[in-house]
Amino acid sequence: MHWSKTQSRARFNLATSGVAPFPFRELPIDAKELEINGDDSYGYPPLQQTIATHQGVDADCVVESAGTSMANHLAMASIIEPGDEVLIEHPAYGPILDTAQYLQANVKRFRRVEVSGWAIDPAEVRRCITPKTRLIVITNLHNPTSAFTPEHVLREIGDIARSAGALVLVDEVYLDAVYDDTPRTSFHLGPNFVVTSSLTKIYGVSGLRCGWILAQPDIAWKMRRLNDLYSATPVHVGQLLGVAAFKHLDLLRERARGIVEADRKLLQVFLAEQSNISAVSTLWGTTSFPRLLNGNADSFLQRLRTEFETSAVPGRFFEMPDHFRIGMGVNTEMFAEGVNRISRALATQIA
Ligand SMILES: Cc1ncc(COP(=O)(O)O)c(C=O)c1O
């Protein structure tokens, strides 16, 4: 996160994971209808109901949060006691690992491997689970690879978790980037599923911090009470704008979709032409996670930045230093030139 805030930018910035910002002026709202203060002690009912309708769940299962980041923190902190075993995918989005460690969990890992398309192997999860496991954590779509985990696999993970009395936390912040036949939330798969998400990554309104957790009402209440520590009251303007963003969600979604799909076409051509990298290509998502076949990815990315003014995320942030992550969905002209420059850098890469 620190690297991303301080060092990721470049003229051709492919170190992204979310889509282009949606401009405020294009949101069809009357600014005079906004208000600074509201009556919303444990969630703003219109927003809570809007999220509930969007996800097809009861409103008392919805906990508002400041983005998926706070959602993941509240969810994990409400479930985990120090010393509990938490099973987290590898590779993983760093802040999920950091949060579990901050909560003094005993973190164990199950592997997703490239040869299997980064898919979750339930047999591997079964091997890793113990009676001390309290929580299994998954991202769907997976960050950094955008691999999609289908419902039958999630069900199996749910069954494995249940056999140990554990819960499954699924971070679905990228799920809506499956634009055709968008899967329903895994919250429907049973009472031991907890889901986190937000409008930040796929809808271009990160600044609204419109995030949420889906959990059974008793755990949801615990999360709201925990949030009292961090946020006495939410930012009401943000809540109003969150409701407005949901009202025009198709507009936000289609704008981003056009860019993501154009970028994906370019990515596929780029990946097909390269002999110095291997990559699992997906039909969805905003990221790709190629492996550099020769040489060190860190020094490659350094050269990519200094000689080619292009950035991508080093795989070491996902504990896979041979890889790097490329992001789509911001600006197709920039993406085209960015992958062109990566091609040129790869062509001159010395093993
Ligand atoms: C898997 C995952 N979860 C959560 C987040 C943070 O989301 P938010 O901006 O909604 O806090 C990110 C951001 O990159 C992410 O990749």
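Basis for what follows: all heavy atoms, side chains included, without hydrogens, waters or symmetry-related copies. If you read the sequence from its start, that first residue is 1, and numbering goes on from there. Just follow the structure's listing: the first ligand is 1, and inside any ligand the first atom is 1. From a predicted model like this one, the values you see are computed outputs, not experimental measurements.
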What's the verdict on salt bridge (Lys or Arg N to Asp or Glu O under 4.0 Å) for Arg127 and Glu124, showing C-alpha distance, side-chain angles and the deciding distance?
CA-CA 5 Å; Arg127 267 195 297 279; Glu124 162 89 353; 3.1 Å; yes
Which ligand 1 atoms, with their elements, are less than 4.0 angstrom from a heavy-atom of [X]?
X      : result
Ser17  : 14 (O)
Arg209 : 8 (P), 9 (O), 10 (O), 11 (O)
Lys201 : 13 (C), 14 (O)
Ser198 : 10 (O)
Tyr174 : 1 (C), 13 (C), 14 (O), 15 (C), 16 (O)
Gly67  : 10 (O), 11 (O)
Thr200 : 7 (O), 8 (P), 9 (O), 10 (O)

No-hydrogen, no-angle side-chain donor-acceptor test under 3.5 Å, Asp176 and Thr182
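On atom types as modelled, these side chains do not qualify, holding no pair under 3.5 Å.
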Above 12 or not: heavy atoms from other molecules or residues under 6.0 Å from [atom1] of [X]?
X      : atom1 : value
Tyr102 : OH    : no
Glu333 : CD    : no
Arg162 : CZ    : yes
Leu229 : CG    : yes
Arg184 : CZ    : yes

Could you check [atom] against the protein and tell me its nearest heavy-atom contact, residue, atom and distance included?
atom                   : answer
atom 5 (C) of ligand 1 : Tyr93 OH, 3.4 Å
atom 6 (C) of ligand 1 : Ser69 OG, 3.3 Å
atom 2 (C) of ligand 1 : Asp171 OD2, 3.3 Å

Using a 3.5 Å cut-off on N or O atoms only, is Ser206 in polar contact with ligand 1?
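No: no nitrogen or oxygen of Ser206 is under 3.5 Å from one in ligand 1.
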May I ask you to check whether Thr139 has an N/O atom sitting below 3.5 Å from an N/O atom of ligand 1?
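No; every N/O pair is 3.5 Å or more apart.
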Given the ring of Phe22, does Arg255 sit roughly above its face, with NZ or CZ under 6.0 Å from the centre of the six-membered ring and within 45° of the axis?
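The answer is yes, since Arg255 meets both limits relative to Phe22.
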Spell out, yes or no, whether Ile129 and Leu154 are grouped together once hydrophobic residues are joined by side-chain heavy atoms under 4.5 Å, including indirect joins.
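Yes, because Ile129 and Leu154 connect within a single hydrophobic cluster, where side-chain heavy atoms sit under 4.5 Å apart.
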If we set the cut-off at 4.0 Å for heavy atoms, which region of Thr68 has an atom near ligand 1: side chain, backbone, both, or neither?
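Thr68 to ligand 1: contacts from backbone and side chain alike.
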